[in-house]
K.L.:
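Before anything else, here's the structure in question.
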Amino acid sequence: MADTHDQRIFDFLRSALLLVLVVSIGCSSNPPKNPDNICKIFEENRDWYKDSVKAKRKWGAPIHVPMAIMYQESSFRANAKPPRNKVLGVIPGRRKSSAKGYAQALSPAWGDYVKASGNRFADRNNFSDSMDFIQWYIDRTQKVNSVSKWNAHQQYLNYHEGWSGFRKKTYRSKHWLVNVARKVETRSKKYSEQLKGCEKKLKRGWFRKALF
């Protein structure tokens, strides 16, 4: 009798584990097919638009700014991680940083976000949480370093160098980083113009989805 009971428990736990794995796989999202067009991105991933609007209402930055930052950081890949250092030039060692997920958020910054937002179950591999994180960081950057939430160039420099690093102007010795920040600014403006042409359609689609 005991063996039968134990077997049932084992079968239940195995089924639950399989269900979790299936859900996890189903929730993972491939990168957008056309990441250069924010309208195409949101048409392909309707929940991303909803999540972006929600984060915007909460923290205040225009959608195109965090989206441009996310593109630069991970190319919208959920499981993005920095490359590993090579031991003896061949053997894979530790990764170059603790950055992870859509936002490439470092572990200490992510921990600060979780405490500040109260989002205890936030996951860096989740688009909604990552978008909320970037919006939170942009909001903090405005408060700490007086950088406009619309200024994608300086917001990205803060995002990459940290608030203290930005105040110390550490980016001045990194010409490559200044160039990358300009690319983020250019993409942000491009996304902004694209979004003007499709946001009404996206809103209508979101409204229909909410009704049905």
K.L.:
What verdict does the side chain to side chain donor-acceptor pair (under 3.5 Å) test give for Asn145 and Asn158, after you've listed the backbone C-alpha separation in whole Å, the side-chain angles of each residue and the deciding distance to 0.1 Å?
P.N.:
CA-CA 9 Å; Asn145 284 335; Asn158 274 270; 2.7 Å; yes
K.L.:
Salt bridge check: are Lys196 and Glu193 linked by an N-O gap of less than 4.0 Å?
P.N.:
yes
K.L.:
When you look at Val184 and Gln155, which way does the side chain to side chain contact (heavy atoms under 4.5 Å, CB included) test go after all the steps?
P.N.:
CA-CA 10 Å; Val184 172; Gln155 282 286 349; over 6 Å; no
K.L.:
Can you tell me how far apart CD (Glu185) and CZ (Arg182) are? Round to the nearest 0.5 Å.
P.N.:
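CZ of Arg182 is found 9.0 Å from CD of Glu185.
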K.L.:
Do Phe76 and Asn45 have side chains that get closer than 4.5 Å, going by heavy atoms?
P.N.:
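Result no, sub-4.5 Å side-chain heavy-atom pair not found.
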K.L.:
Among Arg77, Gln104, Met131, which residue meets the side chain to side chain contact (heavy atoms under 4.5 Å, CB included) test with Met70?
P.N.:
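That would be Met131.
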K.L.:
Can you measure from CH2 (Trp150) to OG (Ser188) and round to the nearest 0.5 angstrom?
P.N.:
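If we round to the nearest 0.5 Å, Trp150:CH2 and Ser188:OG are 9.0 Å apart.
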K.L.:
Report the C-alpha separation of Ile69 and Ile138 in whole Å, then their side-chain angles, then the decisive distance to 0.1 Å, and conclude whether the side chain to side chain contact (heavy atoms under 4.5 Å, CB included) test is met.
P.N.:
CA-CA 10 Å; Ile69 291 175; Ile138 289 172; 4.2 Å; yes
K.L.:
Please confirm whether the backbone N or O of Trp59 pairs with a side-chain atom of Lys149, one donor and one acceptor, at under 3.5 Å?
P.N.:
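It does hold such a pair.
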K.L.:
Applying ring pair (Phe, Tyr, Trp, His ring centres under 6.0 Å), name anything that partners Tyr113, two or more places apart in sequence or on another chain.
P.N.:
Trp110, Phe133, Trp136
K.L.:
For Ile134 and Pro66, which heavy atoms make the closest approach, and how far apart are they?
P.N.:
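Smallest interatomic distance, heavy atoms only, reads CG2-CB, 3.6 Å.
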K.L.:
Any heavy-atom pair between the side chains of Phe127 and Ser52 that's under 4.5 Å?
P.N.:
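With C-beta onward as the side chain, the pair touches.
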K.L.:
So how far is it from His160 NE2 to Tyr171 OH, rounded to the nearest 0.5 Å?
P.N.:
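It is 14.0 Å, given to the nearest 0.5 Å.
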K.L.:
As a quick check of understanding, evaluate side chain to side chain contact (heavy atoms under 4.5 Å, CB included) for Leu177 and Leu157, giving each step before the final call.
P.N.:
CA-CA 8 Å; Leu177 176 58; Leu157 291 175; 3.9 Å; yes
K.L.:
Please determine, by modelled atom types, if Tyr159 and Glu73 share a side-chain donor-acceptor pair under 3.5 angstrom.
P.N.:
no
K.L.:
Do you know which two heavy atoms are closest between Asn79 and Asn125, and how far apart they sit?
P.N.:
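Residues Asn79 and Asn125, closest heavy atoms: CA-OD1, 4.2 Å.
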K.L.:
Would you say the side-chain atoms of Gln135 pair up with the backbone N or O of Ala61, donor to acceptor, closer than 3.5 Å?
P.N.:
yes
K.L.:
So do the side chains of Pro32 and Lys40 get within less than 4.5 Å of each other, counting heavy atoms only?
P.N.:
no
K.L.:
Could you tell me whether a side-chain N or O of Thr141 sits under 3.5 Å from a main-chain N or O of Tyr137, the two making a donor and an acceptor?
P.N.:
yes
K.L.:
Under the criterion side chain to side chain donor-acceptor pair (under 3.5 Å), I'd like the reasoning laid out for Asn119 against Asp129: C-alpha separation, chi angles, the key distance, then a yes or no.
P.N.:
CA-CA 8 Å; Asn119 190 4; Asp129 293 335; 3.1 Å; yes
K.L.:
Checking Gln194 side chain against Ile38 main chain: does a donor-acceptor pair fall under 3.5 Å?
P.N.:
yes
K.L.:
Taking all heavy atoms of Lys190 and all of Asp36, pick out the closest pair and write down the distance.
P.N.:
CE-O, 3.5 Å
K.L.:
Any sub-3.5 Å donor-acceptor pair from Arg57's side-chain atoms to Lys54's backbone N or O?
P.N.:
no
K.L.:
If you measure from NE2 on His175 to CG on Asn179, what distance do you get to the nearest 0.5 Å?
P.N.:
9.0 Å
K.L.:
I'd like to know if the side chain of Arg124 reaches the main chain of Ala105, judged simply by a donor and an acceptor atom lying under 3.5 Å from each other, with no hydrogens or angles considered.
P.N.:
yes
K.L.:
From the options Lys174, Lys168, Arg172, select the one residue that forms a salt bridge (charged side-chain N to carboxylate O under 4.0 Å, His left out) with Glu161.
P.N.:
Lys174
K.L.:
Are Glu43 and Tyr49 side-chain neighbours, meaning at least one heavy-atom pair lies under 4.5 Å?
P.N.:
no
K.L.:
Show, in sequence, the C-alpha distance, side-chain angles and deciding distance for Leu195 and Phe42, and conclude whether the side chain to side chain contact (heavy atoms under 4.5 Å, CB included) test is met.
P.N.:
CA-CA 10 Å; Leu195 198 56; Phe42 286 147; 4.2 Å; yes
K.L.:
Is it the case that one hydrophobic cluster holds both Trp176 and Val178, taking links as side-chain heavy atoms less than 4.5 Å apart, direct or via other members?
P.N.:
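Shared cluster, yes.
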K.L.:
For the side chain of Thr170 and the backbone of Gly165, is there at least one donor-acceptor N/O pair under 3.5 Å apart?
P.N.:
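Between the backbone of Gly165 and the side chain of Thr170 there is a qualifying donor-acceptor contact (under 3.5 Å).
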K.L.:
Taking salt bridge (charged side-chain N to carboxylate O under 4.0 Å, His left out) as the definition, give me every residue that meets it alongside Asp112, ordered by chain and number, with sequence neighbours left out.
P.N.:
none
K.L.:
List in chain and number order the residues that pass salt bridge (charged side-chain N to carboxylate O under 4.0 Å, His left out) with Lys169, two or more places apart in sequence or in another chain; answer none if no residue qualifies.
P.N.:
none
K.L.:
First locate atom CG of Leu202, then atom NZ of Lys50, and finally report the distance between them rounded to the nearest 0.5 Å.
P.N.:
14.0 Å
K.L.:
Check whether any side-chain heavy atom of Tyr71 lies under 4.5 Å from a side-chain heavy atom of Tyr102, and answer yes or no.
P.N.:
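SC-SC contact between Tyr71 and Tyr102 ruled out.
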K.L.:
Could you give the distance from NZ (Lys100) to OG (Ser130), rounded to the nearest 0.5 Å?
P.N.:
10.0 Å
K.L.:
For Glu44 and Lys33, indicate whether the former's side chain and the latter's backbone hold a donor-acceptor pair under 3.5 Å.
P.N.:
yes
